Participant: 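I have a structure here, written as structure tokens, and I will follow up with some questions on it.
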Amino acid sequence: MQDAPDISLKFDTLSGLCQNAAEDILRQQNLLVVSHVDADGLTASAIICTALERLNKDYKPLFFRQLDGSALDEVADLGADLVIFTDLGSGMIQEICDRDLQAVVADHHKPTACQARPLAHINPHLVGADGATELSGSGTSFLLARALASVSGSNDDLAALAVVGAVGDLQDMASGRLQGLNRRILEIGSVAGVVSFSRDIKLFGRQTRPVYKMLEYSQDPYLPGLSGKEDACIAFLKDLGIRLGGEKWRRWIDLSQEEKSCMVTAILRKGLRSGVSNIKLERLIGEVYVLLKEQEGTEPRDASEYSTLLNATARYGHADIGLRVCMGDREKAFDEAHTLLGQHRQNLVNGLKFVSQTGITPLKNIQYFDAGDAILDTIVGIVAGMSFQMADRSMPILAFARTQEGDLKVSARGTHDLVRSGLDLADALSRSAKAVGGVGGGHNVAAGATIPAHAKLEFLELMDNVVGEQLSRQNLSGT
Ligand code: C5P
Ligand code: ZN
């Protein structure tokens with residue numbers, strides 16, 4: 001709690017910037033909302049689109065996998081009065097201004113240095129907060145939506161979507177709970193009665209999966225003797241005297257408090273017995289977020305399940321479906337999202353299988369795998385993150401996949417321990433990609449790039465060196 005005044009100052013400074021941006025937005029009628037194709041980008045867009053709808057403004061949502069020059073040309077051609085960029089834009093401020101766009105940028109990616117200034121640039125990095133762990137793109141957009149509220153507090157319900165976006169960007173992973181400015185947003189959502197938080201098991205599927213399936217599909221943390229083994233999971237629960245189901249399979253939310261504690265204790269005991277040290281209490285147990293206005297037993301009730309549902313839409317070119325779900329559709333778009341979710345899950349399982357079969361190649365300071373066409377470039381980052389269960393956690397992991405255009409998509413993921421040791425993947429990727437004629441950026445712990453296909457080896461060498469420098473610099477300054 002020591003840093004609370006500091007957080008208040010950052011919160012107030014960003015809110016002040018939002019106030020100015022809101023005045024610019026309120027003066028215009030024909031608005032474009034440009035966002036990113038992941039859970040954070042979708043929720044960011046939905047927050048702003050809902051705020052504009054409540055103001056009876058005309059708006060058009062638009063999504064990009066990456067905001068590059070040609071995406072900006074497309075945006076410029078639409079001739080909107082004003083463009084609101086959410087969950088992207090901070091790396092392209094110069095290019096946005098070069099096109100004379102009237103723009104408000106509400107992002108959390110590491111900004112690149114430039115002279116140009118849009119109408120407003122709202123980004124946690126500009127007030128000394130970390131955009132990887134303290135505020136997401138949807139969180140930044142939520143602050144803007146608050147400033148756009150016609151009656152003070154009337155957009156506070158949108159905090160629930162900001163929590164989903166932050167969880168989708170894994171911002172709670174650094175300390176097992178949302179922190180910094182995210183925590184402020186969580187508190188606002190809690191006061192508004194739309195979200196609650198508590199400590200619970202962190203396995204995926206608490207709302208929707210039968211308990212034995214929740215165990216079987218657990219990837220992070222990986223549970224030796226249980227993950228991937230249906231029969232073992234069923235036997236494990238039976239041994240504990242936990243009933244699997246009657247008419248319907250029992251889910252985690254159906255278990256009594258006593259059954260839940262008994263299960264957690266048994267999982268930990270089993271993990272320790274298998275000698276796996278990475279099943280640490282903090283990875284299995286942590287804060288979880290419940291969206292109180294959503295129906296129990298459905299994905300949107302749980303922030304983590306909701307974010308996966310959204311990724312299953314936008315990352316496959318169906319951002320429109322995800323956006324409609326975020327804006328309240330629980331019928332047609334929700335059903336469509338569900339169908340996509342089944343395919344997404346299968347793709348992730350296949351992706352992990354590919355990595356375990358082909359292996360991960362270690363270099364001096366990084367490790368990598370090349371999925372070629374076997375994993376879609378839009379989900380290769382998720383697979384890279386999940387692959388840490390079978391990789392060396394002492395170096396970052398890079399994943400390559402071929403894009404539709406024939407370029408190479410690179411996704412890089414680190415651990416928060418590595419970030420504390422000096423790792424900054426956004427910096428490493430943007431520098432190395434630029435050196436080989438590509439573009440890259442993102443966050444210290446997770447970043448991405450697109451590079452020419454022939455440049456893979458050169459890029460790997462650059463990355464290996466930059467990461468080596470980052471980690472040794474910190475070691476030097478730490479001694
Ligand atoms: O695509 P991937 O999931 O690997 O991206 C990781 C992070 O890096 C995301 O937050 C994404 O927005 C960001 N990124 C970026 N510039 C790129 C590629 C990815 O800022 N060229
Ligand atoms: Zn984001």
Side-chain angles (χ1 to χ4, degrees), residues 34-47 63-72 85-93 95 105-112 122-125 130-142 161-172 182 307 310-311 314-315 348 351 368-369 371 375-387 396-401 403 405 407-414 424-434 436-452 459:
V34 177
S35 198
H36 187 220
V37 291
D38 68 1
D40 191 32
L42 272 180
T43 48
S45 175
I47 286 169
F63 291 90
F64 290 101
R65 288 155 71 155
Q66 186 169 307
L67 192 69
D68 51 20
S70 67
L72 280 176
F85 292 93
T86 65
D87 195 36
L88 39 68
S90 287
M92 295 291 278
I93 297 287
E95 291 80 353
V105 178
D107 190 9
H108 69 133
H109 293 95
K110 247 188 153 183
T112 31
I122 309 148
N123 186 310
H125 291 281
D130 179 11
T133 55
E134 295 182 68
L135 191 68
S136 64
S138 54
T140 314
S141 303
F142 171 69
L161 284 174
V163 168
V164 173
V167 168
D169 264 7
L170 307 182
Q171 299 218 330
D172 56 334
N182 278 325
S307 72
L310 297 179
N311 276 327
R315 291 192 186 248
L348 293 181
Y368 74 95
F369 65 87
I375 304 176
L376 263 178
D377 62 328
T378 48
I379 63 159
V380 76
I382 302 180
V383 177
M386 293 170 91
S387 297
I397 187 163
L398 262 69
F400 294 95
T403 69
E405 296 75 29
D407 291 324
L408 265 189
K409 167 73 204 296
V410 192
S411 278
R413 297 293 185 270
D424 184 348
L425 289 173
D427 179 57
L429 259 82
S430 83
R431 274 164 55 195
S432 309
K434 202 169 172 193
V436 299
V439 282
H443 307 295
N444 48 22
V445 74
T450 306
I451 60 168
F459 177 80

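Both ligands and their constituent atoms are indexed starting at 1 by order of listing. A quick note: this is a predicted structure, and the numbers were derived from the prediction, not measured.
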Participant: Could you give the distance from CZ (F85) to OG1 (T140), rounded to the nearest 0.5 Å?
Facilitator: 15.0 Å
Participant: Taking just the N, O or S atoms of D87, which one is nearest to the Zn ion (ligand 2)?
Facilitator: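 This residue's closest N, O or S atom turns out to be OD1.
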Participant: Could you label the plane-to-plane angle of the Y368 and F400 rings as parallel, tilted or perpendicular, counting under 30° as parallel and over 60° as perpendicular?
Facilitator: perpendicular
Participant: Suppose we only count N/O/S atoms under 2.8 Å; would D107 qualify as near the Zn ion (ligand 2)?
Facilitator: no
Participant: Report, rounded to 10°, the angle at the Zn ion (ligand 2) between the two atoms OD2 (D40) and NE2 (H108).
Facilitator: 90°
Participant: Could you pull out every protein residue that has a heavy atom closer than 4.0 Å to ligand 1, ordered by chain and then number?
Facilitator: H36, Q66, H109, R315, K409, S411, R413, V439, G440, G441, G442, H443, A446, A447, G448, A449
Participant: Please tell me if the side chains of H443 and H108 come closer than 4.5 Å, counting only heavy atoms from C-beta onward.
Facilitator: yes
Participant: Atom CG of L135 and atom CZ of F142: how far apart are they, to the nearest 0.5 Å?
Facilitator: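 L135 CG to F142 CZ: 10.5 Å, rounded to 0.5 Å.
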Participant: Which value, rounded to the nearest 0.5 Å, describes the distance between Q66 atom CD and H36 atom NE2?
Facilitator: 8.0 Å
Participant: Any N/O/S atom, backbone or side chain, of D169 lying under 2.8 Å from the Zn ion (ligand 2)?
Facilitator: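 Yes, within the cut-off.
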Participant: Go through the structure and list residues passing side-chain hydrogen bond (donor to acceptor under 3.5 Å, both in side chains) with T112, not counting sequence neighbours.
Facilitator: none
Participant: Taking both backbone and side-chain atoms into account, decide whether H109 has an N/O/S atom under 2.8 Å from the Zn ion (ligand 2).
Facilitator: no
Participant: Can you confirm whether the side chains of D169 and S136 place a donor and an acceptor under 3.5 Å from each other?
Facilitator: no
Participant: What's the spacing between L408 CG and F459 CZ if we round to 0.5 Å?
Facilitator: 9.0 Å
